[in-house]
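The structure presented is a predicted model; accordingly, all values stated were derived computationally and were not measured.
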Amino acid sequence: MLDPKYIRDNLEAVKHNILKRGVKADATLVIDLYNSRNKLQFEIDTLRNDRNENASKMKQKLPEGERAVLIEEGKNIKVKVAELEEKIKEIELKYTEEAMKIPNMTDSSCPVGGEADSVELRKEGVIRNFSFKPKDHVELGDILDVIDFDSGANVSGQKFYYLKNEGALLELALINFGMQYMTKKGFTPYLTPDIAKASILEGIGFNPRGSETNIYSIENTDQCLVGTAEITLGGIYRDTIIDESALPVKMAGFSHCFRTEAGASGQATKGLYRVHQFSKVEMFVICTPSESEKMLETLREIEEEIYKALGIPYRVLNIATGDLGNPAYKKYDLEAWMPGRGCYGEITSTSNCTDFQARRLNTRIKDKAGNKNIAHMLNGTVIAVPRVIISILENYQNEDGTVDIPEILVPFTGFSKITRKK
RNA sequence: GGAGAGCUGUCUGAGUGGUUGAAAGAGGCGGUCUUGAAAACCGUUGUGGUCGCGAGGCUACCUGGGGUUCGAAUCCCUAGCUCUCCGCCA
C-alpha cells in the first residue's frame, strides 16, 4: 500500500507507474475517496467536539429544566454523528479496496515491459554437454524411485507427490543445508507456522480470497495455508516499532508452501516444477529505507553463492515492471539450467518491497532521536526444494540413470550417489 | 473441549458512568550538584487521524468488534489472547 499523501503529491508519477506495470488501478479515484473521507472526518470531529462540550456542561448539578434541554441537544448530535459515521465507513471501505490495487513504485533500473522484457544480467556456471540424451526429472524420479506422483495424485490429488528413498532424505538435506548456511550468514533460523490469518496475508500483499487467489483458505475461519514463509516471518513484526539499533532484522524461515495454482497446467509445468505443496527456506529482512537498495544486492549475492556452491548453472534476471508483483519495487530472479526442459527455470526470487508491506503491517523503526519511520522489507528464496531437486537430478545425472550428489550436500545427505531401482 | 481469573501508557499498577489522556511508582530523556560517577533534587516523557503556512487546534485510542447512555476505561454482549485447574493428545 502506498502512502495516500504520496499518491496525492505525486499523482502523475503514480499513474505512470501503474501503466508501466500494466495493472488495473485508479489513482485519481483513490485520491478522490481519500479527500472525501478527510472532509467527512473533519465534520465528524467537529460534531464530536460539540457533543463533548454539551456533555461536560452536565457535570455539575443543574436545574431540571436546563438539564432536559441539554439532554435533548445531546440526542440530536448523537443522531447526526451516527449518520456521518455510517457514511464514512462506506467510503473507507471503498477507499481501502481501491488503494490496495495500487502497486508499489518501481525502481528506475527495472526494465519496462512484460515477462519477456526482463533483462538477463549474466550467466554463471557451465552447462554440461551431455554425451547421452539427458532424462528429465520425472523419468529420473521414476527409475531411481525417489518421486511418486501416482500416489500423490491418488491420495491427495493432481499435482501432489511423494518423495521417497534418497528423495526424501535429499529434501531434508537441502533444508538443513539452507538453514545452516543462512545461520552462518547471520540470519536467525526459524521454523514457522504453515497457517496464518488472512489479515497477515493481506499485509504482505497477498490476495487471500477472490477468483485471482493462489491461496487455500480454511473453511469457517479467517485463516489460510501459507504460500511462503515470507507471510509468517513478516507477520511477526506487525504493529511493531523496532529500535534502529536492532536493525537489520535478518530471518531465515522454513515452511511448507501451499498454492492453488488454478489454471496452471501443461507441459511447462510438468512434474515437480509447479505443485500444490512444497517445502521452502526463505529469507526475510527488515531494514532502514537507506539500507534496502544495498540489501537487495546482498540477498541476490547470497542466492548466487548457494547455487554456485551446489554447482547448478544459472542466470540472473532483472525482472521487468509488468512481472513484478504488487509489493515489489525491484526484483531479481535466479533461473537454474534444467536439462529436462532444455531451458532455464526460476529457482529463486528476491525482492525489495520497500515500505509497501510495512505500511500495511504497521511495522516502524524508531531512530536514536525517537523519530518513527516505516520500515523497509525484503525477501528472497534460499531453497525452494522441488525446483532444486529438479536441478540436481537433471544436472547431476549419469548415463546409467544414477545421479551424483553435489559434494557440498554429502555431509547432509549421508550418501554421494542416488542408485537406480528400476 | 469444560471451569475459573485476567487483559489499562515503555514497565509495574490505581481507577465510585461526568475536569481521566488517564493516580502512583519504576524506567527513559534533560538539568542542578560532583574531578567523574552514584545518590539526592528539579523538569520532561504515548500513538494515530485531521485542520492550519505556522504557533497550535480538534478528534480518536485503557485487547478487537458491537451495544446501552446526553456522557463509557468504568455497565451489557461478543471475539481474541494470557494464566490456573480438569479432560484429551503427538
**Q** Who is the Watson-Crick or G-U wobble partner of B:A14, with both distances under 3.5 Å?
**A** none
**Q** Describe the nucleic acid contact of A:K372 in one word from base, sugar-phosphate, nothing, applying a heavy-atom distance below 4.0 Å.
**A** sugar-phosphate
**Q** Look at A:N49 and B:U59 and indicate whether a side-chain polar atom (N or O) is within less than 4.0 Å of OP1 or OP2.
**A** yes
**Q** A:R364 side chain N/O closer than 4.0 Å to the phosphate oxygens (OP1, OP2) of B:G46?
**A** no
**Q** Using side-chain heavy atoms (C-beta onward) and a distance below 4.5 Å, is A:F187 in contact with A:V285?
**A** yes
**Q** Roughly how far apart, to the nearest Å, are B:U34 and B:A39 at atom C1'?
**A** 11 Å
**Q** OP1, OP2 of B:G49 versus side-chain N and O of A:N38: anything below 4.0 Å?
**A** no
**Q** Please state the C1' separation for the pair B:G87 and B:G49 - nearest whole angstrom.
**A** 48 Å
**Q** Within this structure, what is the CD1-to-P distance between A:I241 and B:G28, rounded to whole angstrom?
**A** 19 Å
**Q** If pairing requires Watson-Crick or G-U wobble contacts with both distances under 3.5 Å, which nucleotide is the partner of B:C61?
**A** B:G46
**Q** Are any side-chain N or O atoms of A:R21 and backbone N or O atoms of A:G325, one a donor and one an acceptor, separated by less than 3.5 Å?
**A** yes
**Q** Mind checking the P distance from B:U74 to B:U63? Whole angstroms is fine.
**A** 9 Å
**Q** Go through B:G71, B:G18, B:U59 for me and flag the one nearest to the A:D45 side chain.
**A** B:U59
**Q** Measuring only the P atom in each nucleotide, how far is B:A72 from B:G18? A whole number of Å is fine.
**A** 11 Å
**Q** Rounded to the Å, how far apart are A:I91 CD1 and B:U50 C1'?
**A** 15 Å
**Q** When rounded to the nearest Å, what value does the distance between P atoms of B:A73 and B:C7 take?
**A** 16 Å
**Q** Ring of A:Y273, cation from A:R341 - is the NZ or CZ under 6.0 Å from the centre and inside 45° of the axis?
**A** yes
**Q** A:N35 CG to B:U50 P: how many Å, rounded?
**A** 10 Å
**Q** For the pair made of CZ in A:R238 and P in B:G64, what is the distance, rounded to whole Å?
**A** 13 Å
**Q** Which is more 5' along RNA chain B, the nucleotide nearest A:F42 or the one nearest A:I71? Just name the residue.
**A** A:F42
**Q** Please report the distance, rounded to the nearest Å, between CD in A:E53 and C1' in B:G71.
**A** 14 Å
**Q** Need the pair for B:A90. Rule: Watson-Crick or G-U wobble, both distances under 3.5 Å, any strand; none if unpaired.
**A** none
**Q** Among side-chain atoms of A:K330 and A:Y332, is any donor-acceptor pair under 3.5 angstrom?
**A** yes
**Q** Whole angstroms only, please: what is the NZ-P distance between A:K366 and B:U45?
**A** 15 Å
**Q** Please verify the inter-ring angle class for A:F149 with A:Y161; under 30° counts as parallel, over 60° as perpendicular, anything in between as tilted.
**A** tilted
**Q** Can you tell me the base-pairing partner of B:C33? Count Watson-Crick or G-U wobble geometry only, both distances below 3.5 Å, and say none if there is no partner.
**A** none
**Q** Quote, to the nearest angstrom, the C1' distance that separates B:A23 from B:A14.
**A** 6 Å
**Q** Of the options B:C70, B:G49, B:G66, whose atoms approach the side-chain atoms of A:K89 most closely?
**A** B:G66
**Q** Quick one: on RNA chain B, does A:I44 or A:Y34 contact a more 5' nucleotide (nearest heavy atom)?
**A** A:Y34
**Q** Write down the distance between NZ (A:K39) and P (B:C58), rounded to a whole number of angstrom.
**A** 23 Å
**Q** Would you please classify the geometry between the A:Y216 ring and the A:H276 ring as parallel, tilted or perpendicular, with 30° and 60° separating the classes?
**A** perpendicular
**Q** With the side chain of A:A55 defined as its heavy atoms from C-beta on, choose the nearest nucleotide among B:U50, B:U47, B:C70.
**A** B:C70
**Q** Please check the phosphate of B:U68 (OP1 and OP2 only) for any side-chain N or O of A:K78 closer than 4.0 Å.
**A** no
**Q** Is A:K197 touching bases, backbone alone, or none of the nucleic acid, heavy atoms closer than 4.0 Å?
**A** nothing
**Q** Scan A:N52 against the nucleic acid and name what it touches under 4.0 Å (heavy atoms): base, sugar-phosphate only, or nothing.
**A** sugar-phosphate
**Q** P atom, B:U16 versus B:U10: distance in rounded Å?
**A** 23 Å
**Q** Can you tell me the distance, in whole Å, between the CZ atom of A:R51 and the P atom of B:G17?
**A** 20 Å
**Q** Across all strands, who's sitting opposite B:G4 as a Watson-Crick or G-U wobble pair, both distances under 3.5 Å?
**A** B:C83
**Q** Within the supplied structure, the quantity of interest is the number of heavy atoms (other residues, nucleotides, ligands) at a distance under 6.0 Å from A:E293 CD; does it exceed 12?
**A** no
**Q** Is it the case that the side chains of A:R300 and A:T348 hold a donor-acceptor pair, with the cut-off being a distance below 3.5 Å and no angle test?
**A** no
**Q** Measure from the side chain of A:M58, starting at C-beta and using heavy atoms only, and say which of B:G49, B:G71, B:G18 lies closest.
**A** B:G18
**Q** Taking only the C1' atom of each, what is the distance from B:U32 to B:A37 in whole angstrom?
**A** 15 Å
